[in-house]
Amino acid sequence: MAAAGAGTAAPQAAKPQIGSYGFDESGMDKSIAPGDDFYGYANGTWAKNTPIPADRSNYGMFTVLDDLSKQRTREILDAAKADADSKIGVAYSTYLDQAAIDAKGLAPIQPWLNQIKAAKTKAALPALYAAADRNGVPVPFASYIGQDDKNPEVYALNIYQAGIGMPDRDYYLSTEAKLVETRTAYEKHLANVLTLAGEPNAAARAKAILDFETKVAQAHWTRVESRDANKTYNKLTLADLRKQAPGFDFLAYFKGIGAPVDSAIVAQPSAVAGIAKAIQATPVAVLQDQLLVRSLDTFADVLPSAFDKEQFAFYGTTLSGTPEQQPRWKRAVDFTTGALSDDVSKVYVAKYFPPETKAAADDLVKNVIQAMGRRIDQLDWMAPATKARARKKLATFTAKIGYPDRWHDYSNLTITAGDALGNNIRANNWQHEDSISKLGQPIRRWEWGMTPMEINAYANFGMMEIVFPAAILQPPFFDPHADPAINYGGIGAVIGHEISHHFDDQGAKYNEKGELSTWWSDTDVAGFKARTDALVAQYDQYEPLPGMKVKGALTLGENVADLAGLTVAYDAYKASLGGQPAPVLDGTSGDQRFYLGWAQVWRRNYREANLRQRLLTDPHSPSEQRAWVVRNLDPWYSAFAPEPGAKLFLPPEQRVRIW
């Protein structure tokens with residue numbers, strides 16, 4: 001054995017998982033000018049050569065990582081199946097046994113269906129809806145326990161519009177041919193479910209359900225109206241709620257869900273009143289039928305396979321264009337992860353989230369937060385006093401990375417071998433009880449809204465936090481062995497995106513304590529609005545499908561966060577170089593790699609039906625348009641030198657600059 005240093009080779013640096021520096025150059029299409037379509041330039045060959053798997057409505061970098069998470073979780077659950085005392089193993093293996101589920105027919109759900117049919121008067125409805133809510137079946141009024149936006153140290157009951165079986169009011173009200181076609185398919189789906197359940201006169205009953213839901217949809221606020229934090233904060237006493245929305249006994253409903261509160265925060269008061277009016281005007285039999293269908297659709301995956309196939313035919317194929325259902329094991333992973341998320345998560349993070357990844361991500365977050373602070377200092381449209389409070393707000397942020405530091409306890413949740421439906425209902429009841437138990441208790445600052453296995457991230461205004469689950473901290477978003485430019489353009493921009501959500505058109509309405517309040521001057525608001533209006537107008541021009549454009553007002557918050565996130569991540573990247581020039585790698589400059597890193601994470605192909613649904617309902621712009629946000633950033637022009645007249649080229653005075 002040679003002495004240390006005597007003839008031993010230096011250890012080789014670990015290589016990035018993707019390409020030579022973290023970017024997949026083979027996916028580029030260099031025949032496309034970056035100034036005409038930066039998404040196509042960075043991703044065109046990948047888009048052309050990557051089919052969407054038959055069980056997916058879209059496919060891209062998020063789904064690649066989701067498949068990896070599912071496969072890893074499957075291995076954990078397969079191992080757990082061998083342990084008869086393992087709740088996750090029992091839940092998983094019971095869900096997988098479709099033959100046993102089929103053999104039981106509708107017997108397991110029959111007591112619940114009978115309970116619905118027994119509620120023959122309007123007076124019985126509130127208790128029935130409350131029972132449905134506990135069981136996880138959607139009802140016309142949705143509710144949840146969350147922080148009071150104006151008093152975030154207190155939990156409150158929140159009520160918001162619901163009651164429709166399609167994704168948005170436009171599916172009921174629009175005259176656009178594709179949506180009319182979908183509406184017809186939905187009515188047929190309602191009839192098919194009733195027929196499968198052995199119910200007579202299915203077609204007439206389906207039409208009556210659709211007529212009721214159309215009245216509900218007419219009362220609904222639009223998604224643009226519903227994203228306004230001020231408009232949706234309406235704290236009403238129970239007496240005021242009953243006065244504004246007569247026709248439904250909210251006192252009995254609140255009592256039934258276990259929340260005997262004297263007030264609630266109502267997101268869309270006129271919609272809630274309109275839904276109550278529609279309930280009052282609709283025969284009880286129709287309301288029962290709606291709940292029957294909603295129950296059979298909700299639990300379709302743990303009912304006989306005919307119900308499962310029918311539910312997928314409409315919600316999977318008609319609405320999203322997905323030809324094939326996901327294999328049973330993938331759905332079993334999703335069910336088990338949803339029912340016993342922390343028990344699965346504990347094993348996952350111990351196995352797949354090394355401490356060095358967490359430490360490297362911590363450093364990135366700190367750098368991006370510091371860059372955001374410098375950006376605030378440089379603003380020319382924000383008053384000094386507001387800047388000081390904005391910096392104070394930034395200083396209060398909590399960054400949660402990887403996984404929670406505390407787990408839920410499922411010891412009082414019963415999971416029974418061979419009882420797939422019962423496991424589902426009991427898990428839903430457990431989650432309901434856990435949520436209701438928050439009322440009157442201290443805020444759970446340890447709690448997460450996502451599992452570590454999710455490929456996502458989020459900002460929570462009331463908690464003053466940004467949250468990055470373990471599974472997104474992987475290539476192409478983050479690779480400790482990739483060139484830093486790729487990491488800053490990928491996960492760095494995602495971090496900046498979540499930070500800046502706290503300062504987007506809605507997040508900016510929350511102060512440094514997480515309170516919904518007015519803390520900007522009128523001049524600040526006017527300066528900010530002038531810039532966001534320009535961004536709305538920019539995105540309104542994009543037409544991903546013939547005749548269907550991006551809704552700039554619906555996607556504003558996410559577009560602001562993309563623009564700001566990329567801006568501050570670029571600053572953080574430059575600061576990380578410590579004044580040294582970035583190396584040229586494979587003929588690319590550091591700045592070019594930074595923006596390519598951003599474009600790479602948005603690689604995604606959509607099925608047409610899925611893209612249509614997203615344009616109607618998703619507050620995020622489609623991936624192609626998210627990549628195009630670079631057209632507002634001066635360093636992108638320096639990096640890629642687009643010609644004036646190129647499709648994405650904006651003269652300097654037309655580039656939207658917010659942060």
Side-chain angles (χ1 to χ4, degrees), residues 113 116-117 119 122 125-126 128-130 132-133 135-143 159-197 199 201-223 225-226 245 247-248 253 267-300 307 310-316 318-320 609 612-613 616-617:
L113 301 183
I116 294 171
K117 292 178 180 182
K122 291 282 175 72
L125 272 180
L128 179 66
Y129 281 161
D133 201 18
N135 288 343
V137 178
V139 297
F141 306 105
S143 63
I159 304 290
Y160 59 100
Q161 65 188 24
I164 57 177
M166 288 190 284
D168 186 78
R169 68 196 304 272
D170 283 0
Y171 281 87
Y172 294 84
L173 309 178
S174 172
T175 56
E176 199 267 312
K178 287 284 187 184
L179 297 185
V180 172
E181 192 181 298
T182 304
R183 199 149 62 233
T184 302
Y186 178 59
E187 186 175 343
K188 183 74 169 72
H189 166 69
L190 296 171
N192 289 347
V193 175
L194 289 168
T195 299
L196 284 171
E199 298 292 330
N201 307 318
R205 291 164 72 176
K207 184 180 185 307
I209 295 171
L210 181 62
D211 289 346
F212 167 66
E213 291 188 2
T214 302
K215 291 189 183 78
V216 171
Q218 286 166 342
H220 271 208
W221 288 18
T222 67
R223 287 179 182 262
E225 292 169 324
S226 294
F248 185 77
Y253 176 65
Q268 304 102 345
S270 63
V272 168
I275 296 167
K277 186 178 179 182
I279 289 172
Q280 193 175 31
T282 301
V284 172
V286 176
L287 302 173
Q288 289 173 304
D289 282 349
Q290 189 207 27
L291 201 52
L292 279 175
V293 174
R294 203 66 80 243
S295 299
L296 293 164
D297 271 342
T298 297
F299 298 118
F307 288 90
E310 172 58 37
Q311 197 267 359
F312 177 76
F314 179 72
Y315 287 99
T318 301
L319 276 182
S320 295
R612 179 177 295 104
Q613 183 177 333
L616 288 169
T617 64

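Note that these values count all heavy atoms, side chains included, but never hydrogens, waters or copies made by symmetry. Because the structure is predicted, anything quoted here is derived from the model rather than measured.
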Is the backbone N or O of Gln161 less than 3.5 Å from a side-chain atom of Gln268, with the two atoms forming a donor-acceptor pair by type?
-> yes

For Arg223, which of Asp170, Asp168, Thr617 qualifies under side-chain hydrogen bond (donor to acceptor under 3.5 Å, both in side chains)?
-> Asp168

Is a side-chain N or O of Gln311 found less than 3.5 angstrom from the main chain of Thr298, in a donor-acceptor match?
-> no

Angle class for the Tyr186/Tyr315 ring planes (parallel below 30°, perpendicular above 60°, tilted otherwise)?
-> perpendicular

Could you walk me through whether Leu190 and Phe314 pass the side-chain contact (heavy atoms from CB on, under 4.5 Å) check?
-> CA-CA 10 Å; Leu190 296 171; Phe314 179 72; over 6 Å; no

Is Asn135 reaching over with its side chain to a backbone N or O of Val137, donor-acceptor style, under 3.5 angstrom?
-> no

So, His220 side chain and Ala271 main chain: donor-acceptor pair closer than 3.5 Å or not?
-> no

Keeping the roles fixed (side chain from Glu213, backbone from Gly165), state whether a donor-acceptor pair exists under 3.5 Å.
-> yes

Lys178/Arg612 under side-chain contact (heavy atoms from CB on, under 4.5 Å): CA gap, chis, key distance, verdict = CA-CA 9 Å; Lys178 287 284 187 184; Arg612 179 177 295 104; 3.4 Å; yes

Under 3.5 Å donor-acceptor, Gln290 side chain and Ile209 backbone | no

Judged by atom type as modelled, is there a donor-acceptor pair below 3.5 Å linking the side chain of Lys122 to the main-chain atoms of Ile279?
-> yes

Can you check whether Val180's main-chain N or O pairs, donor with acceptor, with Tyr171's side chain at less than 3.5 Å?
-> no

